[in-house]
Amino acid sequence: MTRPKRDIMISRQITDLIKEHVADIPVQHEISFIQDPKFGDYSSNIAFLLAKIENRAATDIANELKDKLSKYPIFSNVSVAGRGFINFTLARDFLISQISAADQNDFGKVNIGNQEKILVEYISANPTGPLNVVQARAGAFGNALVNLLRYVNYDAVSEYYINNTGTQIEMLYESLLARINEFNDKPSLIPENGYHGLYLKELARQILDNKIPQDQWQNYLLETIIARQKDTINKFGLHFDNFVRESTFIPRREQVLEKLKSYTYRKDGALWFKSTDFKDSEDRVIITANGRPTYILSDLAYHWDKFDRGFTTLINIWGPDHHGYIARMHGGIKVLGFNPERLIVIIAQQVTLLRNKEKIVMSKRAGEFITLEEVMNEIGPDALKFFLLMRRPSQHLEFDLALAQKTSQENPVYYVQYAYARINSIIKNALEKNLSESTKPDLTILESDTEQALIKMIIHFPDLIAASAKHFEPHHLIYYLIQLATAFHAFYEKVRVITDDATETQARLYLCQCTQKVIQNALSILGVSAPEKM
RNA sequence: GCGCCUGUAGCUCAGUCGGAUAGAGCAUCGGAUUUCUAAUCCGAGGGUCGGGGGUUCGAAUCCCUCUAGGCGCGCCA
């Protein structure tokens, strides 16, 4: 007998039942996961919304619906609370029917994206030095976001844009020359806006030692820095589908200029883009008085190319110093003939690093910064990612490196990973005792409070994924993982998995496996490893 | 001066985009292990959601205003 495939999202299943009694469900309708179990498991705000439309009391509507919805066997209880909430408690049989889907490797995958092509561009650091911690944050976030979008069926692509031309690159080269002169005992002065980091001194040494011909210095410099950045990215565990170079778009700048023509004017020898027509605070130079194109010209060419490649949504993750850049980009994109709303800019706010409560001021150009490499070496890529992803991107983030190390024992990443490792150990023990997994364990015996609570957390996973993806907010997964781990640890303390009772053992092993799969799926979206043992 | 972000427990932060008695971790205090990993569990205390006004059935959330902090404001990126 075939039945239509049931939706794995609890919220959708409940909504479907409400739909049988309410013809038009307002878009603001929400099924929320209730944290406090005394109210139930999920709640609906439908009565409030209908009250406004029908001009009736919310409690009356809620009570009517309650009577109608109570008859469905998926609920063990439906109640009305507050001024008109409808609260649902899920029936045990229903929980069991849902958990039986949770040992699938793809559990939690829901369709939101419909294979829409979406491009996520992040980090895109200038190839002028080592990656820093803000870029680490953008990196951890972008990587997790791409994974999350793919999980909900977007055709998501990650891209890193390398600004390998322009004034900054020349400045970098001049700074290198100064360092080389330094070694050759010639007069040397790093330009005022140049790069003072010691890595350039080290590179200068390398160039001299390897007797690199002078006409290759600039290329050697750039390629070395780019290679090092990529190396750091790999060590941090980030994956990019494409690395795109700004130089690729030089030919296309002309076409951008052509399109922008009616929104440009000459002043003081420069060519200006009338971005104030698009809510920018001032107009912007696109060709300088000495004939150089500014950054935005290439960037517009690049974004034009993104749209040409068929992406319908572009997400850019920028540092806080770029917020003033958004208006002109949106303006430019509009003039190019695309919908500026299709470019979504997420600002990854600043990261303030402290060491022993003292702020570390970071400026790449001044050469004072803690690199991503250094932080990673101190606290490890997993803990660093987890930490950076815990905060929503708009939140300014501060953490003390000394503290992060000192409290690493209580670090939430270990708490979650420990749950995974614990389960692994249990399963290993079961295998050693030749307890074969039952394909159809009798799950009805999972009736204790901690078991029920754990099941509820597990089957909520698809809803959590959907909500996180919808708002581009991977940080919800962190809080979910901590809750899930809490539910598991509580279960572990309360009941024994491997006992003399075969039925009980198999049912509990099954629950462990489901928990483990969910932890694994969530961690892998975040880019954090799931260790077999700790 | 203009723009962006932030202000929630002692500390670091969530709060499913307007919903119920505002939550978690850390820290503090008090308990738990002869059994599958104590990197664990159970419990307690701790709040004028920066202040004020407005919108409505209902506001930490939306609007206005004040205030505090951070960042940005280049013919750099």
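In what follows, chains are A, B, ... by sequence order, proteins preceding strands, each numbered from 1.
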**Request:** Not counting sequence neighbours, which residues clear side-chain hydrogen bond (donor to acceptor under 3.5 Å, both in side chains) with A/Tyr492? List them please.
**Result:** none
**Asked** Can a donor-acceptor pair under 3.5 Å be found between the side-chain atoms of A/His489 and the base atoms of B/rC41?
**Response** no
**Fill in**
Rounded to the nearest 0.5 Å, the CD1 atom of A/Ile286 sits from the OG1 atom of A/Thr294 at a distance of 7.0 Å
**Item:** Output field: ring centroids A/Phe88/A/Phe75 closer than 6.0 Å
**Value:** yes
**Item:** Atom pair distance, as rounded to whole Å: NZ in A/Lys494 and C1' in B/rG43
**Value:** 12 Å
**Prompt:** Is there a donor-acceptor pair closer than 3.5 Å between any side-chain N or O of A/Asp41 and the backbone N or O of A/Leu90?
**Reply:** yes
**Item:** Base B/rA77 paired with A/Thr128 side chain (donor-acceptor, <3.5 Å)
**Value:** no
For residues 46-56 of chain A, dump all side-chain donor-acceptor pairs below 3.5 Å to protein atoms at least two apart in sequence or in another chain.
| residue | atom | partner | partner atom | Å |
| --- | --- | --- | --- | --- |
| A/Glu54 | OE1 | A/Arg56 | NH1 | 3.0 |
| A/Arg56 | NH2 | A/Glu64 | OE1 | 3.4 |
| A/Arg56 | NH2 | A/Glu64 | OE2 | 2.5 |

**Interatomic distance at C1', B/rA22 relative to B/rU40, whole Å** = 28 Å
**Prompt:** Under a 3.5 Å cutoff on both atom distances, Watson-Crick or G-U, what's the dot-bracket for RNA chain B ([ ] crossing, | other strand)?
**Reply:** (((((((..((((.....[...)))).(((((.......))))).....(((((..]....))))))))))))....
**Asked** Would you call the rings of A/Tyr161 and A/Tyr295 parallel, tilted or perpendicular if under 30° counts as parallel and over 60° as perpendicular?
**Response** perpendicular
**Message:** Could you report the tightest heavy-atom contact between A/Pro531 and A/Tyr420, atom names first, then the distance?
**Reply:** O-CD2, 3.1 Å
**Request:** Report the distance from atom CD of A/Gln395 to atom C1' of B/rA60, rounded to the nearest whole Å.
**Result:** 14 Å
**Asked** What parts of residues 287-297 of chain A reach RNA chain B, counting only heavy atoms under 4.0 Å away?
**Response** A/Thr288, A/Ala289, A/Thr294, A/Tyr295
**Message:** Could you work out, with ring-ring contact (aromatic ring centres under 6.0 Å, His included) as the rule, every residue matching A/Phe461, not counting sequence neighbours?
**Reply:** A/Tyr480
**Side chain of A/Glu473 (C-beta onward), nearest among B/rC42, B/rA77, B/rG15** = B/rG15
**Request:** Please tell me which of A/Tyr42 and A/Gly269 maps to the more 5' nucleotide of RNA chain B, matching each residue to the nucleotide holding its nearest heavy atom.
**Result:** A/Tyr42
**Message:** Distance check, C1' atoms only: B/rC73 and B/rA20, in whole angstrom units.
**Reply:** 45 Å
**Fill in**
Note: for A/Gln350 and A/Ser281 on RNA chain B, the residue whose nearest nucleotide lies more 5' is A/Ser281
**Asked** Is A/Arg496 reaching over with its side chain to a backbone N or O of A/Ile498, donor-acceptor style, under 3.5 angstrom?
**Response** yes
**Fill in**
Separation of B/rA39 atom P from A/Phe386 atom CZ, nearest Å, is 18 Å
**Item:** Row check, A/Trp272 ring normal vs A/Arg266 NZ/CZ: under 6.0 Å, within 45°
**Value:** no
**Prompt:** When the C1' atoms of B/rG54 and B/rG58 are considered, how many whole Å apart are they?
**Reply:** 15 Å
**Asked** What about A/Asp299, does its side chain sit under 3.5 Å from the base of B/rA77 through a donor-acceptor pair?
**Response** no
**Asked** How many angstroms lie between atom CD of A/Glu451 and atom CZ of A/Arg508, to the nearest 0.5 angstrom?
**Response** 4.5 Å
Find every protein N or O atom lying less than 3.5 Å from an N or O atom of nucleotides 31-35 of chain B, and list the pairs.
| residue | atom | partner | partner atom | Å |
| --- | --- | --- | --- | --- |
| B/rU35 | O2' | A/Arg496 | NH1 | 3.0 |
| B/rU35 | O2' | A/Arg496 | NH2 | 3.3 |

**Prompt:** How far, in whole Å, is B/rA14 from B/rC57 if one measures between their P atoms?
**Reply:** 32 Å
